[in-house]
Structure formats: C-alpha cells, structure tokens
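To keep things clear, I will list the structure first and then write my remarks on it.
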There are 2 protein chains.
Amino acid sequence: MKTPQSGPSRQQEASCSCAPRSHPLDESSIATDVELLATLANETRYEILRIIADAKDDLCVCEIEPALDVSQGAVSQALARLVSADLLERRKAGRWRYYRTTSRAEAIIDLLDETQVSNHD
Amino acid sequence: MKTPQSGPSRQQEASCSCAPRSHPLDESSIATDVELLATLANETRYEILRIIADAKDDLCVCEIEPALDVSQGAVSQALARLVSADLLERRKAGRWRYYRTTSRAEAIIDLLDETQVSNHD
DNA sequence: TTCTAATATTAGCAATTACTAATATAAATC
DNA sequence: GATTTATATTAGTAATTGCTAATATTAGAA
C-alpha cells in the first residue's frame, strides 16, 4: 500500500492509496480531554466559570445564582461538575460555600480570550 | 444590601446578604466560546483534530477515516464542523480534500497537553 | 431541639446531539 | 456520454444531556 505523495502526482492517482493511520493516539487522554471540554461546553457552566474568574475574590453560590436564569439545583449541579473537572476549588465557611477558579481554568479562559475570532493567521 | 465581607465576620452573618452580580459578562462572547468548546467536546471530532495535528503534512479524508469507527458520513460531518469553528483548513485537490489544523487549533491542543491532570498547582 | 437558610441530591422529562443509512454531488477515468 | 471514486448532504432515530421540581442534608439561630 502506498502513502500519498506530495506534489503534482497526487492528483493523478486513479484511486485513493492512502496508508491508514496504524493506531492513532492515546485513547484515554482523548477521553480525558473530551470530558474536560464537555464540562466547559455548556452555557450555564461556562458562564459560572467566567463570573468567578472575573471576581477578585472567591464567590459564594448566592452571588452566582442571581446572574443566571436557571434553578438553584442547576447551579449546584454545574458547580459540582466544574469542581470535579478541576476548574473550580470549593471552600466551606459555615452555611456557605465559596468558589474560586483553579490555575487550569484561568489558563483555558486566557487562551479563549486570545484565540477570539481574528479569523485567519 | 451588603456585600459579603472578607474575614471572620463572614461566618457570623445571620443570612446571606450577597450583592448579586449586576450584569455579568458579554453574553455573545460566552455563546461564541461555548460553541467552540462544544465543537471540541466530541470524541470523533476531537480525535480527528488530534490525528491531523500529529501529522506533519495535511491529510486527506481517506487517511483519517480508517482510524475512526464511525461511518463516512459522520467523518464528513465532523470535518465540516471543525472547519466552520476555524479549527481546520480545507484544501481541494482533484477528488480529494486535504485538511490541516489552524493555529487556533494548535494553541488549544498545546494548552490541553500542558494542563494535563497534574492535579493541584 | 426546632426552625430557617444555604446548598446538594435525585427522578423524570424535554431538548439536543451524533450517529447510520441512504442519497446527492463533483471530479477523474473509461 | 457512462462509470467509479471521494466526499457532502439529508432524514430519521437512539442516546445523551441539562433542566425543573421535589426532597435531603447541613449548619447556624432561636
């Protein structure tokens, strides 16, 4: 089986003779990355993350909730998932829980702000 | 309405007196980011992206397909979405289409490799 | 110890997603 | 032209997701 060649001969092949990739990548790291991305890929969760990232201090749930129009339960579920993805850290204080972003979350947010649709490079 | 205070007094409040965030963030940039993240948050699409990112050259669809166990149509749909999220660029050559990653995609992949679960900082 | 406030958990459902299978298009070869 | 190969598009469906509403838990206050 041939591998496709660079250059003009490529276009003159009669049929595709590509060598399929043998065994592609670390499957488990793909699943791990996708899990992280899926955690971020939800408006409620992502907005919570940005609200907390924008705050100078850590925030309690009661400060986050009013900014969103979903139920209390939904906010709690969102926070729990962000914590288990290592995007937020939780601190207990009496009846309240305070959340702040991890360095991981900050790195991702910074990148997304940089990579903002400037279109082509 | 009071804003929650730092320090020990916080734990002695009788009830939550947090000032809700007035108007949180640029809603449209949140939606844009979530759209990008949702494009990445799928095993088929993310694996395609990594396969192409790992290749020195750009790849044609026929090289990508065998590495995945989804139908041809699914691969085509995945590629189309990656292109419209500005994560892949498409080049036509006769009957074939060649894909390569954009700098945006590379930046995201690099970050995800760096931010790999080292747990705490 | 009872009450209330803050947050978490759960079940169930509506909406969304990602696939397959079938079909369409486009380009090269015959 | 007709055929073949590579890729795209579409309709329909199974699986997943994210919510609400209800309930549970935990901690401080009365």
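These numbers come from the heavy atoms of this one structure, side chains and all, not from hydrogens, waters or symmetry mates. Throughout, a chain's letter reflects where its sequence line sits, starting with A, and its residues are numbered from 1. The structure displayed is predicted, hence computed values, not measured ones.
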- Dump the intermediate steps for side chain to side chain contact (heavy atoms under 4.5 Å, CB included) on B/Leu88 and B/Thr102, then the final yes or no. CA-CA 5 Å; B/Leu88 289 182; B/Thr102 62; 5.7 Å; no
Protein-nucleotide distance ([X], atom [atom1]; [N], atom [atom2]), rounded to Å:
{"X": "B/Trp96", "N": "C/dA26", "atom1": "CH2", "atom2": "C1'", "value": "13 Å"}
{"X": "B/Leu59", "N": "D/dT7", "atom1": "CG", "atom2": "P", "value": "11 Å"}
{"X": "B/Lys92", "N": "D/dT7", "atom1": "NZ", "atom2": "C1'", "value": "10 Å"}
{"X": "B/Ile64", "N": "D/dA6", "atom1": "CD1", "atom2": "P", "value": "14 Å"}
{"X": "A/Arg91", "N": "D/dA27", "atom1": "CZ", "atom2": "P", "value": "16 Å"}

- Item | Residues, nucleotides or ligands: over 12 heavy atoms within 6.0 Å of A/Arg100 CZ | no
- Task: Just do the side chain to side chain contact (heavy atoms under 4.5 Å, CB included) check on B/Tyr99 and B/Val83 with the steps written out, would you?
- Result: CA-CA 9 Å; B/Tyr99 290 88; B/Val83 168; 3.6 Å; yes
- Message: Let's see if you can work this out: which of C/dA5, D/dA8, C/dA27 has an atom nearest to the side-chain heavy atoms of B/Arg95?
- Response: C/dA27
- Start with the C-alpha gap between A/Thr39 and A/Leu82, add the side-chain angles, then the distance that decides, and say whether side chain to side chain contact (heavy atoms under 4.5 Å, CB included) holds. CA-CA 7 Å; A/Thr39 298; A/Leu82 288 164; 4.0 Å; yes
- Message: Using OP1 and OP2 only, check whether a side-chain N or O of B/Arg97 sits under 4.0 Å from C/dT25.
- Response: no
- Nearest-0.5 Å distance, CG of residue A/Leu36 to OH of residue B/Tyr46: 8.5 Å
- Message: When you measure from the side chain of A/Thr32 to the backbone of A/Ser28, do you find a donor-acceptor pair of N or O atoms at a distance under 3.5 Å?
- Response: yes
- Task: Produce a footprint string for nucleotides 17-25 of chain D: one letter per nucleotide, 5' end first; B if the base is under 4.0 Å from any protein heavy atom, S if only the sugar-phosphate is, - if neither.
- Result: -SBB-----
